[in-house]
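Since the structure comes first, as C-alpha cells, the remarks are kept for the end.
Note on naming: letters A, B, ... go to the chains in the order of the sequence lines (proteins, then strands), and numbering restarts at 1 for each one.
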Protein chains: 2
Amino acid sequence: MNALVFTLLDIAGLIEKRLDRPLAGARGVSFREYRLLKSLSEFPGSRAMRVELAQSVGLTPSAVTRALKPLEKLGYVVTEKGERDARQSLARLTQAGEVLLADADAIVADVVAGLPAMSISEGQLAELHRGLAGPAASRTVPLRAAIV
Amino acid sequence: MNALVFTLLDIAGLIEKRLDRPLAGARGVSFREYRLLKSLSEFPGSRAMRVELAQSVGLTPSAVTRALKPLEKLGYVVTEKGERDARQSLARLTQAGEVLLADADAIVADVVAGLPAMSISEGQLAELHRGLAGPAASRTVPLRAAIV
DNA sequence: TTGAAATGCGTGAAGACTCACGTATATAGA
DNA sequence: TCTATATACGTGAGTCTTCACGCATTTCAA
C-alpha cells in the first residue's frame, strides 16, 4: 500500500527530471515554466489572472508572480492591467510565447514517447486526480471550524 | 499521452502535500526527511554512507549531507566515521530515530489509507519504475561518449 | 613505490517554492 | 455615504535543492 504510493512519487520525480533537461537545454525554459505557459494558453484569449493561473498549476499566486517575471523578460508573456477590476494583473501569452510553446510541445511529446510503456488507464488516473483535488477545495470549511 | 503524464505528475504533487502536513504537524519532520530516515532504516544495521543514501532516495549526496544535519541535531541520527575507509561518514539511525520512524509510519499509513482508491497494479508500477531508473544508471556511458 | 585517477564528503552560490505580511482596489451592509 | 471585509497582488524571509568546487582519502597501474 505505502510502497505503491512511494513508487508513484519516485516515478513522478524521475519523469519530471527527464522532461526538464531537454526543455532547458533546447529552449531555455524549465518544465515548470512550460506547464505555466501551457496552462496560460488554455485560458480564453490566452489571458488569465495570477490566481487563476496559480490554481490551475497547483502553485501559490506569489509563486506565479515570480515565475512569470523571467518569462516576461524573455517576451513570452505580457501582463496587462484588468480594465474592469484594477486589482487584476492579467498575463497574456505573446506570439513569441506561442511559438515557444509549440516547439516545447514537440519536445515534450518526444520525451513522453520515449518513456517506458505505462499500461495505466487514463480514465482511472483522471478519477484519482479529481478525488485528490476536489476535497482540497472543500477543506476550507472544516479548517475554519477547527480554528473557531 | 501527454495528458496522462501530466495527470500523473499532478497526482504525485498532491499526494506529497497530503503527506507533508500531518508529518510536519505531528512529529516535526517533513515527508522528505521521513523518507530519508525510512531509507536509512532499511540498510543493514541502519547504517549507510551519504552516497548510498542519496542513491536510494534520488537526491544528491550534498543534499543528503544537508538534510541529515537537522536530523542529527534532533538526535534521530548520528554519523560515525568509517573505520575501513576514512572518507566515509556513516549515518546511523538512533533509538530515538527508530521510535520517531515508527510513529511516522503510522501517520503515513493513515494518510495513505485515506487516499481515494487507486486501482493501479503495483507490479506494473514497479516495472515502470525500473524502466525509468535503469537507463539512468547506464546513462553514464553514452554521456562520456558524447563528451569525447 | 609513487604518481594519477577515482571516490566520499562538505561548502558557497544560485534557483524555486512557501508563508507571512502589507498595499491597493472592490464590494457589501449599516 | 461610510466603514468593514474580501480580493488580487507583490515582497521579504526562510527552507530545500542542485551545481560547481575543493579537500581528504583510497585505489590502481607503471
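Going from atom CD of A:Q55 over to atom P of C:dT18 covers 13 Å, rounded to whole Å. Going from atom CD of A:E33 over to atom P of C:dG15 covers 12 Å, rounded to whole Å. In this structure, A:M49 atom CE and C:dA26 atom P are separated by 13 Å, rounded to whole Å. Look at CZ on A:R50: it is 13 Å from P on D:dA8, rounded to the nearest Å. Atom P of nucleotide C:dC9 and atom CD of B:E52 are separated by 8 Å, given to the nearest angstrom. Separating the OH atom of B:Y34 from the P atom of D:dC16 is a distance of 18 Å, rounded to the nearest angstrom. Atom CG in A:L71 sits roughly 14 Å away from atom P in C:dG15 (whole-Å rounding). Between the CZ atom of A:R35 and the P atom of C:dA16 there is a distance of 17 Å, given to the nearest Å.
Taking 3.5 Å as the limit, the base of D:dT26 and the side chain of B:R87 contain no donor-acceptor pair of atoms between them. Side-chain to base pairing of B:R84 with C:dG8: no donor and acceptor N or O lie closer than 3.5 Å to each other. At a cut-off of 3.5 angstrom, the base of D:dT18 holds at least one donor-acceptor pair with the side chain of B:R66.
Ion pair A:D105/A:K38 flagged as a salt bridge, since at least one NZ, NE, NH1 or NH2 atom sits closer than 4.0 Å to an Asp/Glu carboxylate oxygen.
If A:K69 and B:S62 are placed on DNA chain D by their nearest nucleotide, the residue sitting closer to the 5' end is A:K69. Of the residues near DNA chain D, A:D85 and A:K17, the one whose nearest nucleotide (by heavy atom distance) lies more toward the 5' end is A:D85. The residue among B:A48 and A:E83 whose nearest nucleotide of DNA chain C is located toward the 5' end is B:A48.
Among the heavy atoms of the strands lying under 4.0 Å from A:T60 are primed sugar atoms or P, OP1, OP2 only; no base atom is included.
With A:R50 contributing its side chain and A:S89 its backbone, the two residues share a donor-acceptor pair below 3.5 Å.
Side-chain contact between A:L115 and B:L128 is absent, with no heavy atoms from C-beta onward closer than 4.5 Å. The side-chain heavy atoms of A:F43 and A:L93, taken from C-beta on, include no pair separated by under 4.5 Å.
In terms of phosphate contacts, A:R32 brings no side-chain nitrogen or oxygen within less than 4.0 Å of OP1 or OP2 of C:dA16. In this structure, A:T65 does not reach the D:dT11 phosphate: none of its side-chain N or O atoms is under 4.0 Å from OP1 or OP2.
Using modelled atom types, one finds a donor on one side chain and an acceptor on the other under 3.5 Å when comparing A:S56 with A:S39.
Looking at the side chain of A:A63, the nearest of the listed nucleotides C:dC17, C:dT11, C:dC9 is C:dC17.
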